[in-house]
S.K.: 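Take this structure, written in structure tokens, and hold onto it; I'll ask about it next.
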Amino acid sequence: MLSDTPTLEEYLAYAADLTARGAAAFTAAADEDALETARIQFLGDKRGELLLLQRALGALPADSRRDAGRAFNDAKTRLTTTHDERQLTVRHATTRAPHLDLTMPARHRWQGAKHPVTVVIDEIVGIFRELGFTVALGPESESEWYNFGALNFPPDHPALDMHDTLYLGEGALLRTHTSPVQVRTLQRYAPPIRILAPGTAFRRDPFDASHAPAFAQIEGLAVDEGISFVDLKATLTHFAQRFFGKTRTRFRPSHFPFTEPSAEMDVECRLCGGAGCSACKGTGWMEILGSGLVHPSVLEAAGVDSERYTGWAFGMGPARIAMLRYDLPDIRLLYDSDMRFLQQVAE
Ligand code: DAH
């Protein structure tokens, strides 16, 4: 306590002591009640210690009042700020905390991802892009000529049958493969040509475990002078190694109207590593694409000199490849848009 007639030194010392005690009391207050008790003791407007300090100013000699007044103001500022800051903290702790349940599970944030078939297409396109291929697109509604005639299908070919092709009327149809993009590209650009044509193809197939009526395809085409079957084998083998990792590949003779000779490419079964299992029907191999040297009639139909130029082409189904990669038993999983499945395979 201050005496009734304090000196300036006593006043200053007392003001400093009061400030320190008050600030300590505020900071130590654990909740709003404790803080209020401390506030009344130091800042109360009837008997608060700060009020008494103010009153004591009047008992000082007149020439000490300026310094003492400044000390009083400092004490007041420091105490009110400390009190107010502490008030924010304890309020937060006592009023907000009960409503903040830290054990509550976080709210799920939906985040988009590429569809697995799109992931596969992008990756395949990326590998061929490095080899100088660019992307070409064509219409999904095609003419019979682009879809079949220009691709050297004989008029009585079974693929023209109503059962396979979805006709739109007046010579138009939904393309049954992406191969017509070969013809459109050859008509439009002069060789050398190296393109990849991803897109959707349509067939009147039942929607079952291995067929979808609308499905993704990727067509590839390279046309230049002096292209041979060696280019085809080397490029597709390189692709398989890049896409699947080190794997054995093999080519089997096949037949397509638009290629001669034709070959299908197999990679070692992803599941059994070539030993033979139910997924590869005991063969140890899985077919991933059809390919061949572009038939001279196709080049000629598109207006390309088949004496001067040769080429190779391939077609594959990215959904089938996605099934191999993600080990899927049923192609419908890739076309059903079931979020539970898609989230499992999202990369
Ligand atoms: N167009 C064929 C199909 O849909 C796939 C195909 C095979 C495309 C061989 C090609 C190829 O370019 O050379 O079944």
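Each ligand, and each atom within it, is numbered from 1 in the order the structure gives. Because the structure is predicted, anything quoted here is derived from the model rather than measured.
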S.K.: With sequence neighbours excluded, what pairs up with R39 under the side chain to side chain donor-acceptor pair (under 3.5 Å) test?
M.R.: E36
S.K.: Filter the ligand 1-protein atom pairs down to N or O on both sides and distance under 3.5 Å, then list them.
M.R.:
from: ligand 1; atom 1: 1 (N); to: H177; atom 2: ND1; distance (Å): 2.9
from: ligand 1; atom 1: 1 (N); to: S179; atom 2: OG; distance (Å): 2.9
from: ligand 1; atom 1: 4 (O); to: R203; atom 2: NH2; distance (Å): 2.9
from: ligand 1; atom 1: 4 (O); to: Q217; atom 2: NE2; distance (Å): 2.8
from: ligand 1; atom 1: 12 (O); to: Q182; atom 2: NE2; distance (Å): 3.1
from: ligand 1; atom 1: 12 (O); to: E219; atom 2: OE2; distance (Å): 2.6
from: ligand 1; atom 1: 12 (O); to: F314; atom 2: N; distance (Å): 3.4
from: ligand 1; atom 1: 12 (O); to: F314; atom 2: O; distance (Å): 3.3
from: ligand 1; atom 1: 13 (O); to: A313; atom 2: O; distance (Å): 3.2

S.K.: Does anything in residues 165-186 pair up under salt bridge (Lys or Arg N to Asp or Glu O under 4.0 Å), and if so which pairs, sequence neighbours excluded?
M.R.: E142-R184
S.K.: For this output row, return yes or no: ring centroids of F239 and F133 closer than 6.0 angstrom.
M.R.: no
S.K.: Which is it for D330 and R332 under the salt bridge (Lys or Arg N to Asp or Glu O under 4.0 Å) test, yes or no, and what are the steps along the way?
M.R.: CA-CA 5 Å; D330 192 320; R332 284 170 292 196; 2.8 Å; yes
S.K.: Is the closest side-chain donor-acceptor distance between T19 and D74 under 3.5 Å?
M.R.: no
S.K.: Could you list the residues that satisfy side chain to side chain donor-acceptor pair (under 3.5 Å) with E287, not counting sequence neighbours?
M.R.: none
